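Everything on this sheet refers to the single structure shown next.
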Number of protein chains: 2
Amino acid sequence: MKAELIAVGTELLLGQIVNSNAQYLSRELASLGIDVYFQTVVGDNLSRLSEAIETAAKRADILLFTGGLGPTQDDLTKDAVAAVLGRGLHIDRVAMDNVEKFFQGRKVPMTENNRRQALVIDGATPLTNETGLAVGNAIAQDSKFYILLPGPPSEMKPMFEHQAKPWILQHVLTEERALYSKMLKFAGIGESGLETRLLDLIEQQTDPTLAPYAKESEVTIRLSTKASSELEAMERLEGLEAEIARRLPEHLYATEDVPIEKTIVDLMTEQGLTVSAAESCTGGLLMQTITSIPGSATVFLGGIVCYSNAMKEKLLNVPHDLLEGENAPGAVSAETAKVLAEQVRMIVDTDFGLSVTGVAGPGYSERKPVGLVYIGISRRDGDTEVLELNLKGNRDTIRLRSAKTVLYHLWRRLKSEQQKQ
Amino acid sequence: MKAELIAVGTELLLGQIVNSNAQYLSRELASLGIDVYFQTVVGDNLSRLSEAIETAAKRADILLFTGGLGPTQDDLTKDAVAAVLGRGLHIDRVAMDNVEKFFQGRKVPMTENNRRQALVIDGATPLTNETGLAVGNAIAQDSKFYILLPGPPSEMKPMFEHQAKPWILQHVLTEERALYSKMLKFAGIGESGLETRLLDLIEQQTDPTLAPYAKESEVTIRLSTKASSELEAMERLEGLEAEIARRLPEHLYATEDVPIEKTIVDLMTEQGLTVSAAESCTGGLLMQTITSIPGSATVFLGGIVCYSNAMKEKLLNVPHDLLEGENAPGAVSAETAKVLAEQVRMIVDTDFGLSVTGVAGPGYSERKPVGLVYIGISRRDGDTEVLELNLKGNRDTIRLRSAKTVLYHLWRRLKSEQQKQ
């Protein structure tokens with residue numbers, strides 16, 4: 001079963017809005033086991049819209065439209081689909097009542113063009129609009145299925161969930177099996193490195209399937225299988241998941257779609273541990289990442305942004321000789337990263353102290369290259385781990401990767417402590 | 001000049017990510033006077049991708065691709081375009097050097113599949129990737145233009161801005177009159193408020209045109225006009241800009257597309273001023289926003305994240321009686337915001353001290369509602385301004401709006417001081 005999404009609206013082509021409907025519907029259809037092969041966006045233009053419909057009808061079984069159901073002359077989706085199918089349009093009485101009631105309730109006169117919102121293609125099932133006025137349409141012809149939904153997500157989503165989805169289950173899906181997925185999340189490894197270590201599994205894949213993708217310092221693998229129940233699906237995915245976990249234990253941090261900071265906050269909450277941070281080049285990004293997680297307040301107690309050398313001395317007791325002088329290691333050094341992590345841990349009185357100091361660019365600093373970053377992780381009653389990073393990218397990327405790398409190493413530390421218990 | 005955008009990636013068809021690249025490129029092309037007629041999304045599948053290219057080449061003059069330039073077997077965009085154009089592919093030496101240097105720098109062995117990232121279509125102009133490894137491509141054939149960009153927005157945007165856009169201006173746009181635009185940026189006002197105050201201008205618009213749009217606590221107005229030179233265009237835009245500035249002087253912070261923190265860093269650098277911050281509920285977000293601006297190191301010296309009450313007392317000298325006790329105002333109060341701003345200004349020894357303390361949610365705190373936030377701005381040898389905010393939204397939105405509101409009020413303060421001089 002192949003689907004194509006057609007979003008209608010010149011505002012999309014002008015970049016005024018982003019096509020979030022496509023993401024929503026793609027996910028929903030994937031969960032029904034329906035493959036979306038194409039997403040198309042077309043403007044409010046009858047000939048180009050008709051062309052898009054004809055193209056889609058050749059390559060897909062089910063066409064889902066969003067947008068173009070409103071009252072104005074620009075709203076052409078129903079006209080275009082009706083013309084392609086060789087059918088007429090009529091006013092649906094229930095939908096028309098809904099439109100009239102709305103205007104009576106608001107005590108505003110109804111303009112004539114609002115009647116267009118109640119139009120239904122001859123032979124189609126009207127889909128009630130719970131949160132708006134434009135009625136939806138669902139119709140089958142020549143073994144193809146056409147579903148017309150409104151553009152605003154606040155109208156589209158309830159109509160899909162309560163009207164279109166049941167219609168699809170009844171008229172389109174005759175197969176019993178649905179698609180089930182599981183997400184595995186990795187840190188400290190790139191997409192290509194991950195692929196190399198799982199190449200045989202990727203090449204062998206039939207069912208379950210295995211799809212890696214990367215996003216800002218995180219790599220995700222989606223495992224998917226078609227099954228008649230969630231239990232059956234999860235049993236089938238278990239073996240593959242175990243094999244991946246066996247190969248990449250030092251990178252697989254979660255088996256659901258969460259960022260690594262969420263896993264860290266959960267692990268630390270469980271174990272009653274606390275953390276603080278001293279940041280130079282990341283300027284607060286590391287702390288803001290941790291505190292973006294609800295419930296982080298019991299784990300993260302506080303920290304210091306020491307952007308200037310004077311503040312490194314004053315607030316974090318970094319010795320002056322370490323920072324300045326002919327042979328001093330400087331602010332961007334393993335030595336400074338170590339002091340920062342240890343001092344912030346002691347000042348805030350936490351189990352872990354984190355630190356970041358480096359050159360985020362665009363200019364270099366202390367004659368050190370852009371991308372050179374030192375990170376520290378200090379443990380109460382334990383040692384202080386310091387790492388040198390050589391990162392690539394612009395200022396934003398270097399800052400983000402620095403913060404994510406600290407989190408990755410903190411996670412590894414937490415995990416190894418957990419295993420020792 | 002008609003364009004079609006083709007986004008390549010199964011993750012889009014599965015709804016794992018939203019096609020924000022289409023929005024960005026549509027806007028950019030609109031600003032160049034190029035009409036986007038279709039946006040297409042296709043998966044990592046050679047035959048369907050080739051089909052999409054052939055369809056697009058029939059109906060558009062310029063085809064812009066995003067995604068599918070990476071190292072894995074799934075990354076097929078270059079192969080598909082080369083095949084449709086009847087051309088081969090070769091390794092670009094500069095791009096290959098870039099890939100090799102990356103792996104040398106990281107001291108990680110380069111896997112063989114990474115060579116694919118340096119592939120260029122025979123005869124194409126390589127587009128340098130400033131923030132990643134996959135090289136872009138631009139090529140003209142049979143009066144059609146093909147531009148291949150990477151999928152991650154952090155790589156795509158700089159490549160478009162610095163490589164693809166100049167290539168388009170040189171090779172594609174031959175028309176004498178181009179579209180010129182100017183961006184006006186506003187803070188402290190919403191899109192509908194702005195629209196209301198400019199309604200007559202918006203309704204009258206023909207040329208220049210005036211388009212407002214909103215994004216995360218900032219509102220932008222784009223003024224556009226077609227002209228034969230930039231000088232002519234800017235003269236035509238001047239009158240409209242002056243009228244808008246006259247109506248909204250307390251909100252218009254920039255006449256180019258920059259965030260308010262950039263304007264603040266520039267103003268403070270000019271005037272030799274410094275700033276520090278004490279953050280509770282924003283957890284570092286305010287400082288990370290300021291320090292995201294290159295050159296902020298001379299302006300922003302440091303700050304403290306005091307997530308727990310104990311840290312508010314220890315690091316920022318907030319009196320215990322203010323924080324705890326039956327009739328104490330509590331951590332989320334105007335009194336605490338005032339002390340935080342004053343103390344951090346004195347501790348870090350800066351001209352301004354900023355503070356944020358509030359309830360970001362999801363749970364309430366101190367029996368105070370989610371969204372109640374106090375912000376403070378303390379001035380050396382001056383007073384301390386404290387404001388109560390009642391924000392709506394989820395945890396992320398409340399944190400972001402808190403930080404942006406502090407910045408807005410700091411900007412107003414800086415501007416009013418500048419005018420007094």
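All values derive from a computational prediction rather than experimental measurement. So you know, we letter chains A, B, ... as the sequences are listed, proteins then strands, and number each from 1.
- Contact of B:T72 with chain A is made through backbone and side chain together, with heavy-atom distances under 4.5 Å.
- No other option in A:P294, A:G302, A:S181, A:G393 has as many heavy-atom pairs under 4.5 Å with chain B as A:P294.
- Remark: A:Y307 engages B:F300 in a ring pair (Phe, Tyr, Trp, His ring centres under 6.0 Å) (not counting sequence neighbours).
- In this structure, B:R27 and A:Q16 approach most closely via the heavy-atom pair NH2-O, 4.3 Å.
- Here CG of B:N113 is found 4.5 Å from OG1 of A:T196. Values are rounded to the nearest 0.5 Å.
- Counting heavy atoms from C-beta on, the side chains of B:E51 and A:R59 come closer than 4.5 Å.
- Chain B forms the most heavy-atom pairs under 4.5 Å with one residue out of A:T298, A:L29, A:I347, A:T55, and that residue is A:I347.
- Taken from CG in B:L301 to CG in A:N309, the straight-line distance is 11.0 Å, to the nearest 0.5 Å.
- Two residues are said to be in side-chain contact when any heavy atoms from C-beta on lie closer than 4.5 Å; B:M311 and A:V348 meet this criterion.
- By number of non-hydrogen pairs under 4.5 angstrom with chain B, the leading residue of A:N45, A:N390, A:L14 is A:L14.
- Contacts of residues 4-13 of chain B with chain A at a heavy-atom distance below 4.5 Å involve B:E11, B:L12, B:L13, listed in sequence order.
- To the nearest 0.5 Å, atom CZ of residue B:F38 and atom CZ of residue A:R48 are 6.5 Å apart.
- Taking 4.5 Å as the limit, every side-chain heavy atom of A:V305 sits out of range of all side-chain heavy atoms of B:I304.
- When every heavy atom of B:G15 is checked against every heavy atom of A:S26, the shortest pair comes out as N-CB, 3.5 Å.
- The two atoms that bring B:R395 and A:I293 nearest to each other are NH2-O, 3.5 Å, heavy atoms only.
- The distance from the CD atom of B:Q39 to the OG1 atom of A:T40 is 10.0 Å, given to the nearest 0.5 Å.
- Of all residues in residues 279-286 of chain B, those placing a non-hydrogen atom less than 4.5 angstrom from a non-hydrogen atom of chain A are B:T282, B:G283, B:G284, B:L285.
- Heavy atoms of A:N19 lying under 4.5 Å from chain B belong exclusively to its backbone.
- Nearest heavy-atom pair across A:M346 and B:K314 is O-NZ, 4.1 Å.
- Residues meeting the side chain to side chain contact (heavy atoms under 4.5 Å, CB included) test with A:P369, sequence neighbours left out: A:L372.
- Heavy-atom distances place the side chain of A:E195, and not its backbone, under 4.5 Å from chain B.
- Only the side chain of A:R399 comes within contact range of chain B, with at least one heavy atom under 4.5 Å from a heavy atom of that chain.
- Looking at A:M287, the atoms closer than 4.5 Å to chain B (heavy atoms on both sides) sit in the backbone and in the side chain alike.
- Atom CG of B:L315 and atom CG of A:L315 lie 8.5 Å apart (nearest 0.5 Å).
- A distance of 12.5 Å separates OG in B:S292 from CG in A:L400, rounded to the nearest 0.5 Å.
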